[in-house]
Amino acid sequence: MTDQVKSYLEKERARHLDEVMAFVRIPSVSSSTEHKVHMKEAAEWLADSLRRAGLEHVEVMQTNGHPVVYGDWLHAPGKPTALVYGHYDVQPAEPLSEWNTPPFEPVIRDGKLYGRGATDDKAQLYTHIKTVEAFLRTEGRLPVNIKFCLEGEEEIASPNLAPFLEAHAERLAADLIVISDGPMHDEGVPSICCGLRGLCGFQIDIAGPKNDLHSGLYGGGVANPVSALVELLASMKDTDGTITIEGFYDKVRPLTDADREASRPLELDDAKICSELHVPELYGEKGYTFLERTTARPTLEINGIYGGHQGEGLKPIVPSSAGAKVSCRLVDEQDPDEIMALIKRHIDKHQPQGVTVSVQQSHRGKPFFIPPEHPYIQAAAKAYEDGFGKPPVYIRSGGSIPIVEVFYRLLGTPVVMMDFGLPGENMHGPNEHFHLDNFDKGIATLCRYWQELQLLSEQA
């Protein structure tokens, strides 16, 4: 970045952090009707931030759910146009008892900003806004054209963003999409995410007798929905962690020796992971490392089980119903709807006796991958080296951002994921936080990235 931009950012840092804290203070929980008013407040607050930064054509655009915030600056003829995506909604803060400080009363402690949404995605999103502001306030222009598309439904699987993209495809047209909404590989190890796993989420509900029954009178004579659920779920995996649903792995590409060699420098310390998670040992699909299991292999995880008596003491009953929420992370060419069809076929084949089973798909998202050799990725690598003082590593994320694949498919534009969070920042958990050192380095990286894209266009 230029000396002017650097000096401006240093001078305005305290104000920028105050603004981030004000942003985090808004309880923009998209999954709760209780917070609908706060969602609107967050969208309007964000729109005002874009205007103050110098963006034009700023608009809060309504969808069938929460609004999308748009803004642009398009005065760099002949230069690339980057569409910056982010989200202003956050996960619920519960359980509140596990927070050291209230989740929506942000505090800075030991160089970290604590509060719900700090790393996912408010502080990371804000690095983009402050980068634009720094250029426009000091130089009066940007190295490239910029558009912002900031949604309020990422945490509920973006149900209205795909229709929004289709309806406004011309307005959102760009040469690349840039997203900062995840963790780097590790502290002090900048990284560029070239791949995301897809997602297939579903709910299983099992109905038995019309109401809970006395286990002394009916136990052993009527099918127990909780037992049936446990039996059904157990049929989906073997003891080696392999998913037993027929056809599940058909579109998964086997890891090659080259794949494994490339990931070897990224391998994490198993003992350290166990210590941090307070577990006696790691577990997963036999024949794969922890990194491979969590980034390059598909999974099936039971997210929650319910049924029967949950209160204090024993209530000897045959429950009337039971259910579970399950999610699968997908890789390579796995399609969430095809996987759901395989799961339903498996459930039909393993239908427990004496109960009725229903299945409902809740989430879907396709996997995504962009080659590290792509010119926009290589430009990002140079920017990271400048911002963090060392070259980045290339990683695949174990998580899913379904809208990334939707952006790529609907707008036909490469997606560059430039993350500045860290794995241990309790994203979605109590005491979520963001390292402010990465706030500064993230802005420095983005400043250099826009300049690298400008150079790239001039060399073409």
Side-chain angles (χ1 to χ4, degrees), residues 29-35 65 89-96 98 116 120 153-159 196-208 212 223-238 241-245 248 277 279 283-285 293-294 297-311 319-331 334-352 355-367 398-403 426-430:
V29 181
S30 54
S31 62
S32 170
T33 55
E34 173 190 352
H35 292 289
D89 64 322
V90 302
Q91 285 282 339
E94 287 76 11
L96 299 179
E98 295 187 18
R116 172 55 87 226
D120 183 22
E153 297 184 336
E154 194 274 345
E155 299 294 2
I156 54 174
S158 304
L196 295 164
R197 290 195 288 190
L199 180 64
C200 174
F202 59 97
Q203 179 172 318
I204 302 174
D205 288 295
I206 296 186
D212 294 348
N224 185 313
V226 174
S227 298
L229 176 65
V230 171
E231 174 189 330
L232 184 57
L233 293 174
S235 73
M236 296 182 181
K237 266 188 184 180
D238 65 19
T242 302
I243 296 164
T244 54
I245 296 166
F248 189 88
L277 300 180
V279 295
Y283 167 82
E285 190 180 3
R293 293 169 185 161
T294 56
R297 296 294 294 171
T299 66
L300 184 149
E301 295 294 341
I302 301 166
N303 309 132
I305 293 180
Y306 44 92
H309 177 60
Q310 303 293 322
S320 64
S321 63
K325 297 179 186 291
V326 184
S327 63
C328 298
R329 301 288 178 170
L330 311 178
V331 300
Q334 288 182 303
D335 180 273
D337 293 331
E338 292 176 2
I339 291 297
M340 192 69 245
L342 295 176
I343 290 167
K344 288 180 176 179
R345 190 182 309 160
H346 178 92
I347 290 173
D348 289 342
K349 184 177 178 180
H350 294 80
Q351 167 78 38
V355 295
T356 302
V357 181
S358 61
V359 186
Q360 181 67 44
Q361 186 173 4
S362 57
H363 292 73
R364 54 171 58 82
K366 293 184 178 180
S400 304
I401 309 178
I403 202 61
N426 291 358
M427 183 183 293
H428 291 196

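Scope of the values below: all heavy atoms of this structure, side chains included, with no hydrogens, waters or symmetry mates.
- Counting all heavy atoms, side chain and backbone alike, A93 lies closest to R116 at CA-NH2, 3.8 Å.
- Between I347 and M236, some side-chain heavy-atom pair lies under the 4.5 Å cut-off.
- Among the candidates I343, V359, L300, the single residue satisfying the side-chain contact (heavy atoms from CB on, under 4.5 Å) test with V326 is L300.
- Heavy atoms only, all atoms of each residue included: V90 and D120 are closest at CG1-O, 4.1 Å.
- Judged purely by atom type and a 3.5 angstrom limit, R197 has no side-chain atom pairing as donor or acceptor with the backbone of V331.
- Between I243 and P298, the closest heavy-atom pair is CD1-O, 4.2 Å.
- Considering all non-hydrogen atoms of both residues, V357 and P352 come closest at CG2-CD, 3.9 Å.
- Between D337 and Q361 there is a side-chain heavy-atom pair separated by less than 4.5 Å.
- Using a 4.5 Å heavy-atom threshold, the side chains of C328 and Q334 count as separate.
- In terms of modelled atom types and a separation under 3.5 Å, the side chain of S400 and the main chain of G198 share a donor-acceptor contact.
- S321 places no side-chain N or O within donor-acceptor distance of the main-chain N or O of I206, the cut-off being under 3.5 Å.
- Residues that satisfy the ring-ring contact (aromatic ring centres under 6.0 Å, His included) test with H363, not counting sequence neighbours, are absent from this structure.
- Taking each heavy atom of V226 and G307 in turn, the nearest pair found is CG2-C, 4.0 Å.
- A donor-acceptor pair shorter than 3.5 Å can be found between the side chains of S327 and N303.
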Could you list the donor-acceptor pairs under 3.5 angstrom formed between side-chain atoms of residues 227-235 and any protein atom two or more places apart in sequence or on another chain?
{"from": "S235", "atom 1": "OG", "to": "L232", "atom 2": "O", "distance (Å)": "2.6"}
{"from": "S235", "atom 1": "OG", "to": "H346", "atom 2": "NE2", "distance (Å)": "2.9"}

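- No side-chain heavy atom of S32 sits under 4.5 Å from any side-chain heavy atom of P92.
- Within 6.0 Å of the CD atom in Q360, the count of heavy atoms belonging to other residues, nucleotides or ligands does not exceed 12.
- Nearest heavy atoms, E154 versus D89: N-OD2, 3.1 Å.
- Here the side chain of R329 pairs no donor or acceptor atom with the backbone of L196 at under 3.5 angstrom.
- In this structure, S362 OG and I156 CD1 are separated by 12.5 Å, a value rounded to the nearest 0.5 Å.
- Annotation: K325, atom NZ; neighbour count of heavy atoms from other residues, nucleotides and ligands within 6.0 Å does not exceed 12.
- The closest donor-acceptor contact from the side chain of Q351 to the backbone of D348 lies at 3.5 Å or more, if one exists at all.
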